[in-house]
Amino acid sequence: MAWHRGDGRFKTPDGEPDEVAAVAAVDSAYLATRAAFNVIDLEGVGPAKEARALVERVSALHWGDGQDPRWYDCKKAREEFLAAAAGYLKGMLDED
């Protein structure tokens, strides 16, 4: 829901951004998934630094007053983690 909000998909009937609906949708999605994502335990191997940064960004999607979902920061952290993880895994394959 946070990325839908960031893309401006929540609108009033007049076509204006609907922050009330956006916050309600984000809250509802968060409540539905909170138990599954409350604990993320990272080991200090591989791209641990990038993984921690991504987990912090995901958590930050629900901080503050709901006006700044920080979706683009989360997306950037995800891309950095994926690149680091791919490099780490490729390095493991090269060792064989």
Side-chain angles (χ1 to χ4, degrees):
M1 291 296 112
W3 59 90
H4 289 272
R5 181 179 181 203
D7 290 343
R9 297 185 195 183
F10 293 97
K11 306 276 187 198
T12 65
D14 299 337
E16 296 296 318
D18 188 344
E19 286 299 309
V20 173
V23 170
V26 169
D27 287 348
S28 176
Y30 178 67
L31 289 173
T33 59
R34 179 176 50 193
F37 293 103
N38 263 353
V39 179
I40 299 176
D41 187 20
L42 300 171
E43 294 183 19
V45 296
K49 179 182 81 170
E50 293 86 353
R52 284 186 182 90
L54 177 56
V55 168
E56 288 172 11
R57 297 309 185 295
V58 169
S59 296
L61 290 174
H62 301 287
W63 293 346
D65 60 4
Q67 297 300 314
D68 179 13
R70 299 174 180 92
W71 173 245
Y72 297 103
D73 288 343
C74 185
K75 225 170 123 173
K76 183 175 182 285
R78 179 183 177 275
E79 291 165 1
E80 290 171 357
F81 169 72
L82 290 175
Y88 180 77
L89 293 173
K90 184 177 181 325
M92 290 178 67
L93 289 173
D94 291 342
E95 290 176 5
D96 290 340

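Since the structure is predicted, the reported quantities are computational estimates derived from the model, not experimental observations.
Scanning all heavy atoms of the two residues, the minimum distance from L54 to C74 falls at CD1-O, 3.8 Å.
Considering only residues two or more places apart in sequence or on other chains, A85 meets the side chain to side chain contact (heavy atoms under 4.5 Å, CB included) condition with P47, F81. The side chain to side chain contact (heavy atoms under 4.5 Å, CB included) check on K11 picks up nothing, with sequence neighbours excluded. Remark: E50 pairs with no residue by the salt bridge (charged side-chain N to carboxylate O under 4.0 Å, His left out) rule, at least two apart or across chains. Residues meeting the side chain to side chain contact (heavy atoms under 4.5 Å, CB included) test with A21, sequence neighbours left out: F10, D18.
Applying the salt bridge (Lys or Arg N to Asp or Glu O under 4.0 Å) test to pairs two or more places apart or on separate chains, those with a residue in residues 80-91 are K76-E80, K90-D94.
Between the side chain of R57 and the backbone N or O of A53, at least one donor-acceptor pair lies under 3.5 Å.
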